[in-house]
Peer 1: 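Have a look at this one before I ask anything.
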Amino acid sequence: MIKIGAAAKKLNTSIQTLRLYENNGLIKSQRTEGGTRVFNADTMERIQVIQTLNELGIPHKQLKLLADIRVNSLTGDEASHRVSDELSNLIASLSKLKDLVSNTLDDLTGTGEFVSNCYGCNKQPRRDICSQCALSTDLHKFKTTRLIWDQ
């Protein structure tokens with residue numbers, strides 16, 4: 001058993017976050033005689049899953065729905081079908097996110113390589129000056145250049 005403060009430190013989160021998880025019904029704690037929340041190893045692992053999915057943008061409400069399916073189902077068959085459906089929805093959402101992240105990483109990498117061609121340039125980095133450079137023909141090859149070039 002690990003006290004809430006030590007758990008928060010080990011999980012690189014705050015005590016308030018762990019209390020929020022408990023208040024939202026995502027985890028359950030036990031209490032010491034003095035009333036301090038303590039967590040067992042299973043709860044610590046559950047929190048890590050919650051943190052990972054939450055960092056990926058999955059809201060607590062959706063996590064709670066998934067967490068409650070089994071206890072709110074009448075049969076294993078019902079539970080397994082409902083869990084499978086929810087997991088399919090999560091997989092679809094995360095697949096879209098994965099594609100977005102992959103495309104963005106490619107664009108950022110390409111933009112970085114493009115910008116590195118300007119190493120050693122002694123001219124002021126302004127659109128009216130850069131537009132005269134031969135490199136400017138590739139300016140819009142990468143989306144991120146639209147952010148870093150002056151408007």
Peer 1: Any salt bridge between E22 and R37, counting N to O under 4.0 Å?
Peer 2: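 Salt bridge between E22 and R37, a charged N being under 4.0 Å from a carboxylate O: yes.
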Peer 1: Atom SG of C130 and atom NZ of K123: how far apart are they, to the nearest 0.5 Å?
Peer 2: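 Nearest 0.5 Å value for the SG-NZ distance: 9.0 Å.
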Peer 1: Quick check against the 3.5 Å criterion: does N54 have a side-chain atom that pairs as donor or acceptor with the backbone of I50?
Peer 2: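 Judged by distance alone, no pair lies under 3.5 Å.
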Peer 1: Is the backbone N or O of L74 less than 3.5 Å from a side-chain atom of E78, with the two atoms forming a donor-acceptor pair by type?
Peer 2: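 Yes.
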Peer 1: What is the minimum heavy-atom distance between A79 and S73, and which atoms define it?
Peer 2: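 Shortest heavy-atom contact: CA-OG, 3.5 Å.
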Peer 1: Give, for atom OG of S29 and atom CE of M1, the distance between the pair rounded to the nearest 0.5 Å.
Peer 2: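 Atom-to-atom, S29:OG and M1:CE are 8.5 Å apart.
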Peer 1: Please tell me if the side chains of M44 and I2 come closer than 4.5 Å, counting only heavy atoms from C-beta onward.
Peer 2: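 Result yes, sub-4.5 Å side-chain heavy-atom pair found.
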Peer 1: Please answer: with hydrophobic residues joined when any side-chain heavy atoms are less than 4.5 Å apart, are L87 and L26 in the same cluster?
Peer 2: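 Yes; L26 is reachable from L87 via cluster members.
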Peer 1: Run the ring-ring contact (aromatic ring centres under 6.0 Å, His included) test against F39 and tell me which residues pass, sequence neighbours left out.
Peer 2: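 In terms of ring-ring contact (aromatic ring centres under 6.0 Å, His included), with neighbours along the sequence ignored, F39 is linked to no residue.
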Peer 1: Any salt bridge linking R82 with E86? Criterion: basic side-chain nitrogen under 4.0 Å from a carboxylate oxygen.
Peer 2: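 Salt bridge absent between R82 and E86.
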Peer 1: Apply side chain to side chain contact (heavy atoms under 4.5 Å, CB included) to T144 and list each qualifying residue two or more places apart in sequence or on a separate chain.
Peer 2: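 Partners of T144 under the side chain to side chain contact (heavy atoms under 4.5 Å, CB included) test: D107, L108, T111.
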Peer 1: Among all residues two or more places apart in sequence or in another chain, which pass the salt bridge (Lys or Arg N to Asp or Glu O under 4.0 Å) test with D128?
Peer 2: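 D128 satisfies salt bridge (Lys or Arg N to Asp or Glu O under 4.0 Å) with R126 once adjacent residues are dropped.
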Peer 1: Might you work through the side chain to side chain donor-acceptor pair (under 3.5 Å) test for D106 and T109, ending with a clear yes or no?
Peer 2: CA-CA 5 Å; D106 289 346; T109 301; 5.6 Å; no
Peer 1: Going by the rule ring-ring contact (aromatic ring centres under 6.0 Å, His included), which residues pair with F142 if we only count those two or more places apart in sequence or in a different chain?
Peer 2: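 Here no residue qualifies.
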Peer 1: Please check this pair: side chain of S88 against backbone of S84, looking for a donor-acceptor N/O pair closer than 3.5 Å.
Peer 2: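 Yes; judged by distance alone, with no hydrogens or angles, the pair exists.
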Peer 1: If I take atom OG1 from residue T36 and atom CZ from residue R31, how far apart are they, to the nearest 0.5 angstrom?
Peer 2: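 Here the rounded value is 8.5 Å.
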Peer 1: Can you tell me if H81 and D85 form a side-chain donor-acceptor pair at under 3.5 Å?
Peer 2: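 On atom types as modelled, these side chains do not qualify, holding no pair under 3.5 Å.
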Peer 1: Atom CG of L147 and atom NZ of K143: how far apart are they, to the nearest 0.5 Å?
Peer 2: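 It is 13.5 Å, given to the nearest 0.5 Å.
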Peer 1: Could you state whether L97 and L105 fall into the same hydrophobic cluster, counting links through intermediate Ile, Leu, Val, Met, Phe, Trp or Tyr residues with side-chain heavy atoms under 4.5 angstrom apart?
Peer 2: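 Cluster IDs for L97 and L105 match.
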Peer 1: Indicate yes or no: at least one non-hydrogen side-chain atom of K64 is less than 4.5 angstrom from one of Y21.
Peer 2: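 In short, these two side chains do not touch, never coming nearer than 4.5 Å.
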Peer 1: Please set out all donor-acceptor pairs under 3.5 angstrom arising from side-chain atoms of residues 5-20, sequence neighbours excluded.
Peer 2:
unit_1: S14; atom_1: OG; unit_2: T17; atom_2: N; d: 3.0
unit_1: S14; atom_1: OG; unit_2: T17; atom_2: OG1; d: 2.9

Peer 1: Report the distance from atom OG1 of T104 to atom CG of D99, rounding to the nearest 0.5 Å.
Peer 2: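 Taking OG1 in T104 and CG in D99, the distance rounds to 10.5 Å.
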Peer 1: Would a single hydrophobic cluster contain both V49 and L66, if residues Ile, Leu, Val, Met, Phe, Trp and Tyr are joined by side-chain heavy-atom contacts under 4.5 Å?
Peer 2: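 In one cluster: yes.
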Peer 1: Taking atom CG of L53 and atom OG of S93, what is their separation to the nearest 0.5 Å?
Peer 2: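 So the gap between those two atoms works out to 11.0 Å.
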Peer 1: Determine whether I91 and S95 make a side-chain contact, defined as any pair of heavy atoms from C-beta on separated by less than 4.5 Å.
Peer 2: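 In contact.
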Peer 1: Tell me, which pairs form a ring-ring contact (aromatic ring centres under 6.0 Å, His included) where one or both residues lie in residues 116-141, sequence neighbours left out?
Peer 2: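 Counting only pairs at least two positions apart or across chains, no ring-ring contact (aromatic ring centres under 6.0 Å, His included) contact touches residues 116-141.
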Peer 1: Should V101 and L90 be regarded as members of a common hydrophobic cluster, given that ILVMFWY residues are connected when their side-chain heavy atoms come within less than 4.5 Å of each other, either directly or indirectly?
Peer 2: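 Same hydrophobic cluster.
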Peer 1: Is any side-chain heavy atom of I47 less than 4.5 Å from a side-chain heavy atom of I27?
Peer 2: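 Side-chain contact under 4.5 Å: yes.
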Peer 1: Is it true that D42 and R46 have a side-chain N and a carboxylate O under 4.0 angstrom from each other?
Peer 2: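 Answer for the salt bridge query: no.
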